[in-house]
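Here is the structure we will look at.
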Amino acid sequence: MTSQKSFKSRIRTRMDKTGESYTIARRQLLARSRGVDPEPVDPPAAGAEPAGAVPGAAAQTERIADALLRDRTGRGWDEWFALLDAAEATTLSHTEIARWLVGTHEMPGWWAQTVTVGYEQARGLRAPGQGRDGTYTAGATRTVAVPVDRLFAAFADPTLRARWLPDAEVRLRTATAPRTFRADWAGGPTRIVAGFEAIGETRSRVALQHEKLTGAEQATEFKAYWRDRLGTLKQLLEADGDAR
């Protein structure tokens with residue numbers, strides 16, 4: 001009974017995402033489960049956005065390639081989704097899903113968050129850019145040709161941060177060098193969370209999320225803002241190595 005309900009839920013989720021009829025959505029999912037290439041179907045209308053989605057916000061499954069996810073976690077999107085469906089993860093909170101991935105499958109924390117968000121979007125629990133609590137998130141990433149400790153310092157050191165983020169009120173919550181930086185933005189209630197990843201010895205990447213935003217319009221504005229600010233940060237760091 002539980003398995004049947006889960007499958008029907010997946011059909012409804014696919015219908016909402018693709019605009020397909022119940023029959024076509026069911027046929028596509030059955031074909032995939034049997035290892036058969038699904039029939040081609042007409043794509044959604046160009047420019048269509050899920051209800052409540054931040055305009056231009058990409059779904060997690062579009063942002064993170066299946067091949068990359070498989071390389072870093074051992075499974076692709078469909079495989080993780082199947083495991084989460086079997087665990088009835090649609091009944092769990094965001095934190096519970098992420099903890100299950102970490103505890104049961106030993107998935108690194110950042111990737112557990114990535115898969116959790118992708119699953120919640122795919123199952124209609126949140127729109128791209130929206131959190132499970134109804135608030136919105138704006139994100140931006142940038143790869144910079146400096147070691148990861150220098151990239152982290154550009155956030156953690158107030159003097160360096162003022163070079164590329166002037167007139168911004170940032171109140172530190174927690175920071176773990178050179179991995180994560182969390183801070184309240186303009187006294188709250190919104191906040192920023194930045195994660196850092198080394199790409200060899202001379203390159204690194206920052207992924208920043210601005211959380212607890214009140215609506216899609218505000219999220220769109222901050223998405224553009226952070227793309228601009230991280231672009232400025234990249235120019236400063238690569239110009240003189242540490243933005244000093």
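No hydrogens, no waters, no symmetry mates; every other heavy atom, side chains included, goes into these values. Index from 1, following the sequence.
Checking side-chain atoms of D184 against main-chain N and O of R191 turns up no donor-acceptor pair under 3.5 Å. A side-chain donor-acceptor contact under 3.5 Å links R229 to the backbone of W164. No donor-acceptor pair closer than 3.5 Å links the side chain of E79 to the backbone N or O of R75. At distances below 3.5 Å, not a single donor-acceptor pair connects side-chain atoms of T180 with backbone N or O atoms of A175. Distance alone, capped at 3.5 Å, is enough to place a donor-acceptor pair between the Q121 side chain and the Q60 backbone. Distance alone, capped at 3.5 Å, is enough to place a donor-acceptor pair between the K234 side chain and the T143 backbone. Between the side chain of W77 and the backbone N or O of I64 there is at least one donor-acceptor pair closer than 3.5 Å. At least one donor-acceptor pair under 3.5 Å links the side chain of S93 to the backbone N or O of E96.
Across every non-hydrogen atom of L172 and T174, the tightest pair is CD1-O, 3.6 Å. In plain terms, the two heavy atoms of K223 and A138 that are nearest each other are N-CB, 3.6 Å. Considering every non-hydrogen atom in both A98 and A112, the closest pair reads O-CB, 3.8 Å.
Under the 4.5 Å side-chain heavy-atom criterion for grouping Ile, Leu, Val, Met, Phe, Trp and Tyr, L101 is connected to L92 within one hydrophobic cluster. Hydrophobic clustering (side-chain heavy atoms under 4.5 Å, transitive across Ile, Leu, Val, Met, Phe, Trp, Tyr) keeps V102 apart from Y119. Under the 4.5 Å side-chain heavy-atom criterion for grouping Ile, Leu, Val, Met, Phe, Trp and Tyr, F81 is not connected to V117 through any hydrophobic cluster. The same ILVMFWY cluster, assembled from side-chain heavy atoms under 4.5 Å apart, contains both W111 and L83. Both W110 and L84 are assigned to one and the same hydrophobic cluster, defined by single-linkage of ILVMFWY side chains at heavy-atom distances under 4.5 Å.
Once rounded to the nearest 0.5 Å, the distance linking OG1 of T61 with CG of D66 reads 9.5 Å. Taking CD from Q218 and OG1 from T135, the interatomic distance works out to 10.0 Å, rounded to the nearest 0.5 Å. Summarising the geometry, atom CG belonging to L69 is positioned 9.5 Å from atom CG belonging to D71; distances are rounded to the nearest 0.5 Å. Note that CG of L68 and CZ of R63 are 11.0 Å apart. Values are rounded to the nearest 0.5 Å.
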Between I192 and R182, is a side chain to side chain contact (heavy atoms under 4.5 Å, CB included) present by the stated rule, with each step listed?
CA-CA 6 Å; I192 58 173; R182 293 178 171 84; over 6 Å; no
Assess the residue pair K212 and Y136 against the criterion (side chain to side chain contact (heavy atoms under 4.5 Å, CB included)); give the C-alpha distance rounded to whole Å, side-chain angles, the decisive distance to 0.1 Å, and a yes or no.
CA-CA 6 Å; K212 303 296 182 180; Y136 289 77; over 6 Å; no
Go through T91 and E88 one step at a time and tell me if the side chain to side chain contact (heavy atoms under 4.5 Å, CB included) criterion holds.
CA-CA 6 Å; T91 66; E88 299 184 348; 4.3 Å; yes
Test side chain to side chain contact (heavy atoms under 4.5 Å, CB included) applied to R150 and L160, step by step:
CA-CA 10 Å; R150 292 185 179 179; L160 297 181; over 6 Å; no
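At a cut-off of 3.5 Å, with distance as the only test, a side-chain donor of T190 or H210 sits close to an acceptor on the other residue. Counted by atom type alone, T176 and R179 present zero donor-acceptor pairs between their side chains at under 3.5 Å.
Applying side chain to side chain contact (heavy atoms under 4.5 Å, CB included) to L165 and the options L233, L230, V170 leaves one that passes, V170.
In this structure, T95 and T116 have side chains that are not in contact, with every pair of non-hydrogen atoms separated by 4.5 Å or more. In this structure the side chain of I199 never reaches within 4.5 angstrom of the side chain of V148, judged on heavy atoms. Put simply, the side chain of S204 reaches to within 4.5 Å of the side chain of V146, judged on heavy atoms. Contact annotation: the side chain of L213 never approaches that of T137 to less than 4.5 Å [non-hydrogen atoms, C-beta and beyond].
You'll find the ring centres of W100 and W80 outside the 6.0 Å limit. The aromatic ring centres of F196 and F181 sit 6.0 Å or more apart.
With salt bridges taken as basic N to acidic carboxylate O contacts below 4.0 Å, one links E197 and R72. With respect to R161 and D157, no salt bridge is recorded, no charged nitrogen being found less than 4.0 Å from a carboxylate O.
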